[in-house]
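The shown structure was predicted, so the numbers you read here are calculated from the model rather than taken from an experiment. Below, all heavy atoms of this structure are taken into account, side chains as well, without hydrogens, waters or symmetry copies.
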Amino acid sequence: MAVPKRKMSRSNTRHRRAQWKAATPQLVPVTIEGIVHQVPQRLVKAYERGLLRPGDVRAARHADR
């Protein structure tokens, strides 16, 4: 594991952290019960197996935790 030689200033730390951007999940079309839904790519198998239902927003938010 990389270990810094010197302490990084608070200003530099905050500037570095401010550059990080979250990306929106890539949506993929999935057919469930004859209806095409756009779902995040990482949750496709869960939707196909019936573990998640389309339109159930709370389940999708907590599935990635």
Does the side chain of [X] reach to within under 4.5 Å of the side chain of [Y], using non-hydrogen atoms?
X: Gln26; Y: Arg42; result: no
X: Glu33; Y: Ile35; result: no
X: Leu43; Y: Lys45; result: no
X: Val44; Y: Val39; result: yes

Inset, instruction - Flag yes if more than 12 heavy atoms outside Lys5 fall under 6.0 Å of its NZ atom; otherwise flag no. - result: no
Inset, instruction - Count the heavy atoms of every other residue, nucleotide or ligand shown that sit under 6.0 Å from CZ of Arg17, and state whether that count exceeds 12. - result: no
Which heavy atom of [X] sits nearest to which heavy atom of [Y], and what is that distance?
X: Leu52; Y: Tyr47; result: O-CD2, 3.5 Å
X: Leu27; Y: Pro40; result: CD2-N, 3.6 Å
X: Met8; Y: Asn12; result: CG-CB, 3.9 Å

Inset, instruction - Give a yes or no on whether the backbone of Gly34 and the side-chain of Thr31 come within a donor-acceptor separation of less than 3.5 Å. - result: no
Legend entry - Spacing of Ser9 atom OG and His15 atom NE2 [to the nearest 0.5 Å]: 8.0 Å
